[in-house]
Each structure stands twice: as C-alpha cells, then as structure tokens.
Amino acid sequence: MTPQQASAKAAEICRLAPVVPVLVIDDLAFARPLAEALVAGGLPALEVTLRTPVALDVIRAMAEVPGGVVGAGTLLTPADVKAAKAAGAMFGVSPGATDRLLDACEEHDLPLLAGAATSSEVMALLERGYTVQKFFPAEANGGAPALKAIGAPLPQVSFCPTGGISLANARDYLSLSNVLCVGGSWVAPKGLMEKGDWAGITALAAEAAALPR
Ligand code: 3PG
C-alpha cells in the first residue's frame with residue numbers, strides 16, 4: 001500500500017464519525033460489549049491501544065462486531081504492525097513515525113495514522129506521501145490554535161488530533177478546516193466499563209457522534 005493509498009483509506013475512516021474512541025482495555029470480557037456500545041452510539045471507528053496484554057485479543061473480538069472498524073493504536077515496531085494486522089486491525093495509529101514503522105505498514109497494507117507534533121514532522125510525513133496524520137499530543141502541543149497555525153502553510157495535510165481532547169474542547173478542533181475527526185479516551189471511561197454500564201457508554205458515544213464538523 002502506498003502512502004497515498006494509506007492516506008485515502010485513513011481519511012475514509014476518519015470521516016466515519018467526529019470522534020475515534022481511544023481504548024485502553026485490561027479485560028478481554030469488555031471487548032465485545034464495549035465495541036457494541038460504541039457502535040450503537042454512532043462511533044464505528046475504534047482504536048485499541050497495544051498497551052495491555054490482552055490488546056490483540058481485544059482487536060480479534062472487536063473485529064467481529066457488526067458495523068465496527070477496528071484499528072490498533074500505539075504501534076511502535078514492525079512486529080506490532082504484523083501482530084495488529086494478523087489480529088484483524090483495519091488501520092493503525094502511532095504516536096510518532098519512524099521509517100521502519102512506515103515501511104512495515106506499507107508492506108503489510110495497514111493504513112497508518114502516523115503522529116506528528118511539529119511542522120518539520122508534518123513535512124517529513126508529507127514528503128513521503130502522507131496527507132492524513134495524527135496531531136499528538138494535541139493539547140500539550142498548543143491545542144487547536146497550534147493546529148490551525150500549522151494548517152496555514154500546510155493546508156494539504158489533514159489531521160486527527162488526539163491527547164487531552166474531551167467533549168469540552170473537541171469542537172475547537174472539529175471546526176478547523178484541517179481536522180477530519182478527533183481521537184479521545186473520554187467516551188470509554190474505565191469506571192463505566194468496570195460497572196458494565198454499556199448504556200452509559202452508548203450515551204457518551206451518542207453525545208460525541210453528534211458533535212458538529
Ligand atoms: C492516547 O494516546 O492515549 C490518546 O492520545 C488519547 O489521549 P486521551 O486519553 O487524552 O484522550
């Protein structure tokens with residue numbers, strides 16, 4: 001998959017809903033009901049971070065949920081890419097970008113949302129052909145005003161900002177012309193998962209899905 005093809009696919013996935021839930025899941029039993037709850041609320045694209053021992057099994061379980069488009073987050077190495085793809089991930093997300101990681105995603109046909117935080121990082125990815133990128137960590141890097149400023153000289157790059165985004169500030173990003181969607185963990189709080197409050201998570205997802213873009 002070329003970087004151009006990866007960007008087209010990433011844009012398609014980002015346009016599915018205003019918010020991509022960023023999921024850190026400790027218990028495999030949460031996978032199916034959580035994915036069903038988020039999809040029911042109107043958030044089909046789901047990022048499962050590879051930060052817990054069960055993450056790959058969670059991706060496998062969520063990949064079977066009708067209507068869901070499950071991706072793997074926190075991809076750091078070529079081995080992560082292979083494992084994510086084998087588990088059924090439809091896309092990948094990484095906090096940054098390295099040549100080895102980009103090579104692996106292109107080789108294994110996994111559309112990647114690679115992270116960039118500065119103009120030079122955005123330009124390096126753009127030079128390689130990536131026109132859809134993740135802005136990370138969004139709030140710590142100056143938030144929506146910073147991303148707006150990056151968009152002035154680099155309007156050809158679109159972003160999914162993540163890191164510190166919530167219902168309260170998501171609109172600031174979504175109103176920017178260079179933002180396709182935002183990513184955030186607020187729609188799947190650990191407390192609600194542990195209580196099995198899937199209706200509560202569907203309500204949070206519905207609220208996020210209704211955000212204007
Ligand atoms: C992350 O990598 O954890 C994501 O950027 C989500 O960040 P958040 O928990 O601040 O939404």
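First listed ligand is number 1; within each ligand, the first listed atom is number 1. Position 1 is the first residue of the sequence; numbering continues from there. Values in this document were obtained by computation on a predicted structure and should not be read as measured data.
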Original post:
Quick one: does Glu47 get a heavy atom under 4.0 Å from ligand 1?
Top reply: no
Original post:
Considering all heavy atoms of both residues, which atom of Val54 and which atom of Ile25 are nearest to each other, and what is their separation?
Top reply: CG2-O, 3.3 Å
**OP:** Kindly work out whether a path of hydrophobic side-chain contacts (I/L/V/M/F/W/Y, heavy atoms less than 4.5 Å apart) joins Leu126 to Leu102.
**Re:** yes
**OP:** Could you check atom 2 (O) of ligand 1 against the protein and tell me its nearest heavy-atom contact, residue, atom and distance included?
**Re:** Arg51 NH2, 2.6 Å
**OP:** Write down the atom of Trp186, the atom of Leu167, and the distance for their closest heavy-atom approach.
**Re:** CE2-N, 3.5 Å
Subject >> Asp99 and Arg128: CA distance, side-chain angles, deciding distance, salt bridge (Lys or Arg N to Asp or Glu O under 4.0 Å) verdict >> reply: CA-CA 10 Å; Asp99 285 331; Arg128 187 159 169 156; 3.3 Å; yes
Subject >> Numbered atoms and elements of ligand 1 in range of Gly184, under 4.0 angstrom, heavy atoms >> reply: 11 (O)
Subject >> Value rounded to 0.5 Å, distance of CG in Leu113 from CD in Glu47 >> reply: 8.0 Å
**OP:** With salt bridge (Lys or Arg N to Asp or Glu O under 4.0 Å) as the test, would you mind laying out the steps for Asp103 and Arg100 before giving the verdict?
**Re:** CA-CA 5 Å; Asp103 288 345; Arg100 290 179 71 224; over 6 Å; no
Subject >> Taking atom 9 (O) of ligand 1 as the reference point, the nearest protein heavy atom with its distance >> reply: Ser185 OG, 2.6 Å
Subject >> atom 5 (O) of ligand 1: nearest protein contact (heavy atom, Å) >> reply: Thr162 OG1, 2.9 Å
Original post:
Which residue and non-hydrogen atom of the protein lie closest to atom 6 (C) of ligand 1, and at what distance in Å?
Top reply: Val22 CG1, 3.8 Å
Original post:
What atoms of ligand 1 come closer than 4.0 angstrom to any heavy atom of Phe136?
Top reply: 2 (O), 5 (O)
Subject >> Same cluster (ILVMFWY, side-chain, under 4.5 Å), Leu192 and Leu46 >> reply: yes
Original post:
Less than 3.5 Å between some nitrogen or oxygen of Gly163 and one of ligand 1, yes or no?
Top reply: yes
Original post:
With only distance considered, is Gly164 within less than 3.5 Å of ligand 1 through an N or O on each side?
Top reply: yes
Subject >> Trp186, portion touching ligand 1 at heavy-atom distance under 4.0 Å >> reply: neither
